[in-house]
Structures are given as structure tokens and as C-alpha cells.
J.: 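Next up is a structure, given as C-alpha cells.
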Protein chains: 2
Amino acid sequence: MTTREGARGPYRTGIERRRQIVEKAIDVFGAYGYTGGSLRQIATEVGVTPAALAKHFASKEDLLIEVLRYWEESNRRVEPDPDARGLTAIEANKAVMAAHLQRRGFLELFLTLSVEATGRSHPAREFVTARYTNTLAGFARHIAEAVADGEIAPLSAEQIEAEARSLIALMDGLELQWLLDPGMDLVGTFATQLDATIERWHDIAARG
Amino acid sequence: MTTREGARGPYRTGIERRRQIVEKAIDVFGAYGYTGGSLRQIATEVGVTPAALAKHFASKEDLLIEVLRYWEESNRRVEPDPDARGLTAIEANKAVMAAHLQRRGFLELFLTLSVEATGRSHPAREFVTARYTNTLAGFARHIAEAVADGEIAPLSAEQIEAEARSLIALMDGLELQWLLDPGMDLVGTFATQLDATIERWHDIAARG
DNA sequence: GTCTATAAATAGATAGAC
DNA sequence: GTCTATCTATTTATAGAC
């Protein structure tokens with residue numbers, strides 16, 4: 001099932017090909033969307049014929065699923081310390097943003113698929129909505145932990161959800177701006193804004 | 001050039017058809033992207049043949065340009081009072097968000113094209129980047145006005161740009177969340193966050 | 001495991017009848 | 001102003017040789 005460093009035998013080249021195809025699919029789907037990107041282009045850029053690609057993946061949708069799996073696994077490697085809690089976990093997102101800078105293709109894929117999957121019957125819709133739900137729940141949990149640990153002032157459950165949604169929105173929106181204008185200071189802008197937000201959380205109660 | 005209410009003569013039905021096609025193109029391009037959406041689908045949903053559509057628009061890209069023009073004109077009608085300045089102009093964006101709720105197709109088109117135009121050679125790239133630049137400049141100008149009028153504490157030019165970028169990112173990101181989950185309180189979440197941001201601007205100097 | 005060849009569907013675009 | 005008919009190119013997907 002998983003790729004082993006020293007894998008031998010007839011499977012080795014096959015596994016490597018699959019990985020090549022999936023990596024190229026990330027770029028192509030990221031650049032042109034899932035509907036807009038073609039298997040032909042992926043195959044050509046990898047250096048094989050569309051027929052060879054079809055032997056590895058039964059259908060275009062099958063390839064998309066593999067891309068999503070690969071993406072999740074890579075993300076798990078970027079997302080740091082799952083044991084972090086409270087403000088420590090929130091602030092770790094600065095590093096996540098910095099990591100995203102290193103793989104533009106992933107970022108394009110994420111935003112392209114998110115927007116594309118807005119449509120009712122998109123094959124990635126369930127995946128995207130589930131991922132959003134998980135991300136939102138994670139942010140909300142970390143904020144709640146910060147409240148429980150006395151790191152910030154008390155917040156209602158509704159406030160916590162709104163703050164979590166807003167932080168995610170900020171990250172997505174800034175990343176979109178960076179894709180359109182790679183010259184902007186993505187990491188710095190987010191870090192400053194996150195610091196200001198946490199500052200605000202400190203004395204939110206003092207203002208009523 | 002422009003549509004007149006009581007237009008008579010041989011042009012009337014033609015003008016009406018063009019408008020129908022452009023409106024449907026907004027839905028289709030919004031749902032499937034520009035590359036993903038087909039002229040066939042647009043024509044079929046309007047109730048004409050692709051050939052008839054080709055008589056109105058020389059090419060697919062020509063239709064896209066008309067869609068963008070139509071979009072800009074409609075936005076000009078939503079965006080209120082161009083004379084508003086400072087915090088008044090910033091807060092008017094609450095109404096803009098509420099207006100966006102009424103036309104999901106426009107919102108999908110905006111986000112879909114923005115992400116899609118991230119690619120180097122997309123026909124809408126220039127339009128999208130120009131629109132972003134203009135929006136950013138407008139937000140920055142209004143914040144600078146608020147500073148000049150003494151509505152908020154002083155901010156450096158760099159701070160103003162970062163705050164403007166962050167507000168735009170917040171709006172885009174929240175709108176994306178709403179597209180994925182229409183049950184969320186888009187207007188309320190944004191209004192609360194904007195109020196908190198303005199509150200923060202009031203005493204940003206007091207904290208260093 | 002990859003190839004050539006090809007099927008079947010769909011894309012954007014054009015020609016000419018009415 | 002819209003139609004039918006058609007062209008060329010491209011799409012996903014399959015069959016069978018090597």
C-alpha cells in the first residue's frame with residue numbers, strides 16, 4: 001500500500017510512475033482546475049502516453065482521489081505537532097503559511113478545488129467540505145483551549161466559531177492574493193494580523 | 001451601445017438575447033470556470049443553438065470579455081456612494097456583502113475567475129489583477145482618510161496596506177466559506193469582525 | 001509497463017439555407 | 001436572427017501488439 005524506501009522487484013518502477021503522475025496532476029489540476037485539466041496534458045508532461053496513464057488510474061476521478069490522498073498525507077507532514085494546544089497551536093499556522101510558499105502547486109490545487117467544488121455535484125465536494133469542517137473544528141478547539149487555559153479572555157461558543165472562521169478566511173484570502181501577486185509579503189502580513197488578533201482576544205471582555 | 005428601456009426596431013430582440021446569453025454565461029462560468037464551461041451548455045440553457053450564440057459573440061473569449069463588462073457595470077450599481085470616505089466607506093462594505101448574498105452567480109464567477117486567472121496566460125488575468133489592485137487602492141485610501149480625519153489612530157503606509165489586504169482577504173475567504181456552506185452567517189460574521197477591526201484601529205498606537 | 005491505434009463523445013467555430 | 005449541417009481539434013477511455 002505505502003511506498004517503501006528500498007522497495008525492489010517489479011513494483012518499484014510502477015510505484016514511482018504513479019507518484020510522478022500524481023505530482024504532475026497536482027500542478028495541472030491546480031493550474032486549470034479538475035474539469036479544465038486534461039489527462040492528456042498530465043501524461044505528456046510526465047513523458048508517457050495517455051494510455052499508460054490509464055493503466056495506473058481507472059478514470060480521471062480515480063486520479064483525483066489519489067491526488068487528494070497524496071495532498072492530505074503531505075499536509076500531515078507540514079502541520080506541526082498535533083499535541084500543541086491553545087495559542088501555541090494557533091500561532092503554529094505562521095509556519096504552515098511559510099510552508100505553503102514552498103509548494104505553489106499545492107496552494108493552487110487547494111484554492112482551485114475549493115472554489116470548483118462549490119458546485120453541487122463535484123467529485124471533490126465531499127472531500128473539500130469535510131476538510132473545511134475539520135479545519136474549522138480544529139481552530140475552534142484551539143481557541144477554546146486558550147480560553148480554558150486562561151491565555152485569553154472568555155469567549156462564547158458563537159464568538160469562538162466566528163473568530164475561527166475569520167482566521168481561516170484570512171489565510172485563504174491572503175493566499176489567493178499571493179497567487180495573483182507573488183511579490184506580496186504573505187507570511188509577514190498574516191503574522192502581523194494574527195498577532196493583532198491575539199492581542200484583541202486578550203482584552204475582548206474589557207470592552208463589553 | 002447601451003440598452004435603452006424603450007428601444008425599438010430590429011435591434012431590440014438582439015440586445016435582449018445578448019443580455020440573456022451573458023447572464024447565463026455568468027452562471028456557467030461561475031459554476032465550471034471559464035475553461036470548464038462550454039458555449040454549448042450556455043446556448044442550450046438559453047434555448048438557442050451554439051451557432052446562434054456564435055453570431056452574437058465572435059469567440060469564447062469575446063463572450064468572457066462581455067461577461068466581465070456586465071459584471072463591472074452591475075457592481076457599480078451595488079457599490080454605494082462613491083463620495084463616501086473614511087470609516088463610512090469602509091463600513092459600507094457590510095451592505096456590499098449583503099448584496100452579494102442576493103446574486104450567488106456573481107460571487108461564484110468572481111472567486112472562480114480569480115483563482116483560475118492565477119495561471120500565467122489566462123484571458124481574464126489582466127482584468128482580475130487590475131480589479132484587485134483597484135480594490136486594494138480603494139480600501140487603503142479609505143483607511144488613510146480615516147487616519148487623516150482623526151477617526152482612528154495613526155498608521156504607517158505599510159500598516160495601511162496590510163490592513164487593507166487583510167480586510168479584502170477576510171471578505172473573499174468568508175464568501176468562499178458561504179459558497180461551500182450557505183447556512184453560515186456571512187453578513188453577521190463579517191460585520192462583527194469589521195467592528196472589532198475598527199475598534200482595534202482606534203487604539204493601535206496605545207499599544208506600541 | 002508502455003506503446004500504437006482507435007472508439008465515442010464533446011469542444012469551438014464556420015457555411016449556407018430560410 | 002436562428003436554424004441545420006459540418007469541420008477540425010481535443011477529450012476520456014479501450015483494445016491489442018510488443
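The basis for the numbers below is simple: all heavy atoms, side chains too, and nothing from hydrogens, waters or symmetry mates. Given the structure is predicted, the values throughout are model-derived calculations rather than measurements. A, B, ... follow the sequence lines: proteins, then strands. Residue 1 opens every chain.
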J.: Touch check for Lys55(A), heavy atoms < 4.0 angstrom, all strands: base, sugar-phosphate only, or nothing?
T.: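 Here Lys55(A) touches the bases of the nucleic acid.
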J.: If you assign each of Gly47(A) and Arg40(A) to its closest nucleotide in DNA chain C, which residue comes earlier from the 5' end?
T.: Gly47(A)
J.: Rounded to the nearest Å, what distance is computed from the CD1 atom of residue Ile42(A) to the P atom of nucleotide dT12(D)?
T.: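 Taking atom P of dT12(D) as the reference, CD1 of Ile42(A) is at 8 Å.
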J.: Look at Arg165(B) together with Asp181(A) and state whether they make a salt bridge at an N to O cut-off of under 4.0 Å.
T.: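 So Arg165(B) pairs with Asp181(A) through a salt bridge.
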J.: Taking only the side-chain heavy atoms of Ala52(B) (C-beta and beyond), determine which of dC3(D), dG12(C), dT14(D) contains the nearest atom.
T.: dC3(D)
J.: Measure from CZ on Phe29(A) to P on dT11(D) and round the result to the nearest Å.
T.: 12 Å
J.: For a quick check of understanding: with a heavy-atom distance under 4.0 Å over all strands, which category does Thr49(A) fall into, base, sugar-phosphate or nothing?
T.: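 If one applies the 4.0 Å heavy-atom cut-off, Thr49(A) turns out to touch a base.
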J.: Measure CD/Gln20(B) against P/dT2(D) and give the value in whole Å, please.
T.: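 Value for this atom pair: 9 Å.
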J.: As a quick check of understanding, evaluate salt bridge (charged side-chain N to carboxylate O under 4.0 Å, His left out) for Asp27(B) and Arg103(B), giving each step before the final call.
T.: CA-CA 10 Å; Asp27(B) 293 340; Arg103(B) 294 229 40 188; 5.0 Å; no
J.: If you round to the nearest 0.5 Å, how far is CD1 of Ile143(B) from CD of Gln159(B)?
T.: 10.5 Å
J.: Are Arg69(B) and Glu66(B) within salt-bridge range, i.e. N to O under 4.0 Å?
T.: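 Yes, this pair counts.
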J.: Taking side-chain contact (heavy atoms from CB on, under 4.5 Å) as the definition, give me every residue that meets it alongside Glu158(A), ordered by chain and number, with sequence neighbours left out.
T.: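 Here the qualifying residues are Ser156(A).
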J.: Could you check whether Gly37(B) gets within reach of a base, just the sugar-phosphate, or nothing at all, counting any heavy atom under 4.0 Å?
T.: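 Counting heavy atoms under 4.0 Å across all strands, the contact made by Gly37(B) is with sugar-phosphate only.
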J.: Which whole-number value in Å describes the distance from His56(A) NE2 to dT14(D) C1'?
T.: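 Atom NE2 in His56(A) sits about 16 Å away from atom C1' in dT14(D).
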J.: Can you measure Lys60(A) atom NZ to dA13(D) atom C1' for me and round it to whole angstrom units?
T.: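 Answer to the nearest Å: 13 Å.
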J.: To the side chain of Ser38(B), which of dA11(C), dC3(C), dA13(D) is closest?
T.: dA11(C)
J.: Grab the OH-P distance between Tyr34(B) and dA11(C) for me, whole Å please.
T.: 14 Å
J.: Atom CG of Leu53(B) and atom P of dA13(C): how far apart are they, to the nearest Å?
T.: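 The distance from CG of Leu53(B) to P of dA13(C) comes to 10 Å, rounded to the nearest Å.
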J.: Output the single nucleotide from dA13(D), dT12(D), dA15(D) whose closest atom is nearest the side chain of Ser59(A).
T.: dA13(D)
